Amino acid sequence: MTSMVEHAHAASADARMDGQLARLLAEWLPRQRWYSGKGARIGADGVVVLRRIELAGRGRDPVLTLVIAEVRPQGRDPERYQLFLGLREQLPEGLEHAELGPVHDAEGRERRCYDALHDPELAGWLLTRLAGGEVAGPLHFHLLPGQKITKGLRSLVLTGEQSNTSVIYGDKFIAKFLRRAVPGVNPDLELSLALADAGCQNIPQPIGWIDLADEEKGGAAEAGGEGDEGHTGPANRGYAAPELITVATVSEFLPTATDGWLLAQASVRDLYAQPDTVEPRSAGGDFGPEALRLGAATAKVHHDLATALPTGRMEPEELEQVAEAMIRHLHRAAVRVPALNPYVPALRAALGELAKIDEPVLTQRVHGDFHLGQVMRTVQGWVLLDFEGEPNRTLEERRAMAPATKDIAGMARSFDYAAHHLGGDPDRAADWAEHNFDAFCAGYASVSGQDPREQDVLLRGYAIDKAVYEAVYEAANRPTWLSIPLTAVARLAESV
Ligand SMILES: Nc1ncnc2c1ncn2[C@@H]1O[C@H](COP(=O)(O)OP(=O)(O)O)[C@@H](O)[C@H]1O
Ligand SMILES: O=P(O)(O)O[C@H]1O[C@H](CO)[C@@H](O[C@H]2O[C@H](CO)[C@@H](O)[C@H](O)[C@H]2O)[C@H](O)[C@H]1O
C-alpha cells in the first residue's frame with residue numbers, strides 16, 4: 001500500500017511538473033500558427049495545466065503525454081488546448097524546431113519537452129493504437145468498421161496555414177489533431193461520417209478518430225478495455241457524445257490532390273501576366289471550368305447533407321433574429337478592428353434587409369467555413385474538406401442549421417481573396433472574381449436547379465457577415481492581409 005508520505009511526494013512532483021509545463025506553454029503557445037488567442041497578453045499564471053495524461057513510455061525515454069491546458073489571456077475568455085507533448089533526455093536531430101524547452105522530472109533529471117506530433121516514433125505510437133481500436137486510459141481510438149491501418153507508416157507534419165495540426169502517414173492517411181479542446185460533437189467528424197454513410201464521393205473517406213473522456217462532465221474514462229468494439233460499431237457510430245472531446249480525426253490522404261486556393265492563385269497570376277486587354281475567360285489559366293465543376297460538387301454535398309441530416313425552414317421572424325445576431329457580431333468585431341467603424345451604419349442597414357425577406361428560407365447543415373483552401377481537386381473531381389465551421393465561433397453556432405447560401409457567400413468571398421491578394425489591378429481582380437463566381441453558381445444551379453444568385457439579399461447578408469469575421473481573423477493572424485476584407489466591407493457597404 002502506498003503510504004500517505006509517498007502520496008504527498010507524488011502530488012508535489014505532479015504539481016511541480018504542471019507548473020513547469022505551464023510556464024513553457026505560456027511562452028510557446030502564442031507563437032503557434034493555430035493559437036487562437038493572439039493579440040491578448042498572457043500574464044503570469046495565465047496558463048494552467050488542467051490534465052496531464054501519461055500515455056506511453058512511463059519511466060522510459062521518450063515519454064508521450066497528453067496535456068489539457070487552459071489559457072487565460074487578459075481581458076478575454078479562457079480557451080482550452082489539447083497538446084501531445086514528448087519528453088526526451090536528448091532531442092534527435094530534426095526535432096529542435098518542435099522544442100518547448102527543458103523540464104525536470106520527478107527524479108530531478110532534465111528532459112527536453114517538445115511537440116510530440118513532430119516525432120515519428122510518438123506519432124507512430126498513436127497510429128498503432130488506432131490500428132487496434134485501442135483504449136489508453138481516457139483516450140479512445142476508434143477505427144471505422146472495414147478500415148485497416150497499415151502499420152509502420154512514416155509520419156510527416158503538414159506545414160501551412162492551419163487552425164489545427166495535420167500529420168500525414170505514408171501517403172495513405174491524414175490525421176488532423178485538433179488543437180482546441182472542446183467537449184461535444186465535433187462537426188467535422190459528425191458531417192464526414194454522415195456524408196460517408198450517404199455514399200458521398202466528394203469528401204475524403206473517414207477512417208477513424210480519437211476522443212478523450214472529459215473528466216469534468218464525467219465522461220466514460222473507464223469505457224471498455226483493449227479493442228472495445230461496441231463503442232465504434234455501426235449502431236453506435238456515436239461520434240463524440242457530449243461528455244467526450246474529439247482529439248483527432250483520421251481520413252484517407254489524397255496524395256495527388258491540389259487545393260483550390262493554389263489552383264485559383266495560378267489562374268490569377270496567369271491573368272496578370274497577360275496584357276490588360278485580355279479578359280479572365282480568355283486567359284490561358286482560366287479557372288472558370290474548374291469553378292463550374294466546383295459549384296456542381298458543392299451542390300451535391302449540400303444535397304447529401306440535406307438528405308443525411310435534419311433540415312428546417314427559417315420563417316421571417318427567425319431571419320430577423322439572424323440579422324440581429326449578425327449585427328451583434330458586427331459591433332463586437334468593430335471593437336476588435338476599429339477600421340470597421342465607418343462602415344457600421346451602412347452594414348447594419350444591409351443586414352437589416354434580411355428581416356424583410358418575406359418567404360421562409362430552407363435551412364440545413366452546411367460546411368460553415370467554405371473557401372478555396374477547403375476544397376481539393378483530385379483526378380476524379382472536387383472534394384470538400386474540414387466541415388468544422390469557423391474556428392472562432394462557439395460549437396453551438398458551428399453546428400447550427402443555416403441556409404446553403406452561407407457556403408455560397410463563403411466561396412464568393414474566397415474568389416474575392418484569390419483575385420485581390422496578389423495586389424494587381426483592382427478592376428481586373430474584380431472581373432476575375434465575378435467571372436469565376438458566375439461559373440461556380442452556374443455549376444451549382446446545374447445540380448440543384450436553383451441559381452444561388454437569385455437569393456441576392458441573403459447572399460449579401462452572409463457575405464457581409466463573413467467579411468466582418470475575416471477582418472477580425474486577419475487582424476489577429478495576418479495583419480498585412482487585413483486590407484482584403486476591409487476593401488470588401490467598403491464595397492458591400494456601398495451596395496445598399
Ligand atoms: N484528405 C486529405 N488529403 C490531402 N490533403 C489534405 C486532406 N485533408 C486536408 N488536407 C490538406 O491539409 C490542409 C488543412 O486541412 P484542414 O482540414 O482544412 O485543416 P484545418 O482545420 O487545420 O485548417 C488542407 O488545406 C489540405 O491542403
Ligand atoms: O481553414 P481554416 O478553417 O483554418 O479557416 C480560417 O483560416 C482561413 C485562412 O487560412 C480563413 O480564410 C480566409 O483566407 C482564405 C485565403 O487564405 C480565403 O480563401 C478565405 O475566403 C478567407 O475567409 C478562414 O476565414 C478562417 O476561418
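Note that ligands are numbered from 1 as they come in the structure, with each ligand's atoms numbered from 1 the same way. This one's a predicted model, so the numbers in the text were calculated from it and none came from an experiment.
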More than 12 heavy atoms of other residues, nucleotides or ligands under 6.0 Å from CD of Glu454: yes or no? yes
For atom 19 (O) of ligand 1, find the nearest protein heavy atom and state the residue, atom name and distance (0.1 Å precision). Gln162 NE2, 3.1 Å
Between Tyr81 and Glu79, do the side chains contain a donor N or O and an acceptor N or O under 3.5 Å apart? yes
Return the closest protein heavy atom for atom 25 (O) of ligand 1 as residue, atom name and distance. Gly373 O, 3.1 Å
Between the side chains of Ser267 and Trp432, does any donor sit under 3.5 Å from an acceptor? yes
Could you tell me, atom by atom, which parts of ligand 1 come under 4.0 Å of a heavy atom of Glu252? 1 (N), 2 (C)
Answer yes if the side chains of Tyr343 and Glu494 hold a donor-acceptor pair under 3.5 Å, and no otherwise. no
Can you pull every nitrogen or oxygen pair between ligand 2 and the protein closer than 3.5 angstrom?
residue: ligand 2; atom: 1 (O); partner: His371; partner atom: NE2; Å: 3.1
residue: ligand 2; atom: 1 (O); partner: Gln374; partner atom: NE2; Å: 3.4
residue: ligand 2; atom: 3 (O); partner: Asp369; partner atom: OD2; Å: 3.1
residue: ligand 2; atom: 3 (O); partner: Gln374; partner atom: NE2; Å: 3.4
residue: ligand 2; atom: 3 (O); partner: Asp386; partner atom: OD2; Å: 3.4
residue: ligand 2; atom: 4 (O); partner: Ser163; partner atom: OG; Å: 2.4
residue: ligand 2; atom: 5 (O); partner: Asp369; partner atom: OD2; Å: 3.0
residue: ligand 2; atom: 7 (O); partner: Tyr473; partner atom: OH; Å: 2.8
residue: ligand 2; atom: 14 (O); partner: Arg478; partner atom: NH2; Å: 2.9
residue: ligand 2; atom: 17 (O); partner: Arg478; partner atom: NH1; Å: 3.1
residue: ligand 2; atom: 17 (O); partner: Arg478; partner atom: NH2; Å: 3.3
residue: ligand 2; atom: 19 (O); partner: Ser414; partner atom: OG; Å: 2.6
residue: ligand 2; atom: 21 (O); partner: Ser414; partner atom: OG; Å: 3.4
residue: ligand 2; atom: 23 (O); partner: Glu470; partner atom: OE2; Å: 2.6
residue: ligand 2; atom: 27 (O); partner: Asp369; partner atom: OD1; Å: 3.4
residue: ligand 2; atom: 27 (O); partner: Asp369; partner atom: OD2; Å: 2.9
residue: ligand 2; atom: 27 (O); partner: Tyr469; partner atom: OH; Å: 2.7

Centroid-centroid distance, Phe287 to His435, less than 6.0 Å: no
Compute the centroid of each ring, for His329 and then for His331, and state whether the two points are separated by less than 6.0 Å. no
Keeping Gln374 on the side-chain end and Asp369 on the backbone end, is there a donor-acceptor pair under 3.5 Å? yes
Below 3.5 Å, N or O to N or O, backbone or side chain included: is there any such pair between Lys176 and ligand 1? yes
Measure the distance from atom 10 (N) of ligand 1 to every protein heavy atom, then report the residue, atom name and distance (to 0.1 Å) of the closest one. Ile174 CD1, 3.8 Å
Ring centres under 6.0 Å, that's the criterion: do Phe177 and Phe84 meet it? yes
Considering only heavy atoms of Ser163, which atoms of ligand 1 have at least one such atom less than 4.0 Å away? 20 (P), 22 (O), 23 (O)
Numbered atoms and elements of ligand 1 in range of Gln374, under 4.0 angstrom, heavy atoms: 18 (O)
Are more than 12 heavy atoms, taken from residues, nucleotides or ligands other than Gln74, located less than 6.0 Å from that residue's CD atom? yes
Ligand 1 contact on Leu158 by region, counting heavy-atom pairs under 4.0 Å: side chain
I'd like to know if Ala257 contacts ligand 1, where contact means a heavy-atom distance under 4.0 Å to any ligand atom. no
Determine yes or no for a side-chain-to-main-chain donor-acceptor pair under 3.5 angstrom, with Tyr469 supplying the side chain and Ile464 the backbone. no
I need the nearest protein heavy-atom contact for atom 24 (C) of ligand 1: residue, atom name and distance, please. Leu385 CD1, 3.8 Å
For Arg336, does the CZ atom have more than 12 heavy-atom neighbours from other residues, nucleotides or ligands under 6.0 Å away? no
Would you find more than 12 non-hydrogen atoms of other residues, nucleotides or ligands less than 6.0 Å from Arg478 atom CZ? yes
Give me the atom names and distance for the closest heavy-atom approach of Leu385 to His367. O-NE2, 2.6 Å
Counting heavy atoms only, which of Val383, Val250, Asp386 is nearest atom 21 (O) of ligand 1? Asp386
With a 4.0 Å heavy-atom cut-off (strictly under), which part of Leu254 contacts ligand 1: side chain, backbone, both or neither? both
Answer side chain, backbone, both or neither: which part of Asn164 comes under 4.0 Å from ligand 1, heavy atoms only. both
What atoms of ligand 1 come within less than 4.0 Å of a heavy atom belonging to Pro204? 1 (N)
Side chain, backbone, both or neither: which applies to Met376 and ligand 1 if a contact is any heavy-atom pair less than 4.0 Å apart? side chain
Please list, in number order, the atoms of ligand 1 under 4.0 Å from a heavy atom of Asp259. 27 (O)
In terms of side-chain heavy atoms, does Asp451 have a donor or acceptor partner in Tyr444 at a distance below 3.5 Å? no
Ligand 1 versus Ser251, non-hydrogen atoms closer than 4.0 Å: side chain, backbone, both, neither? neither
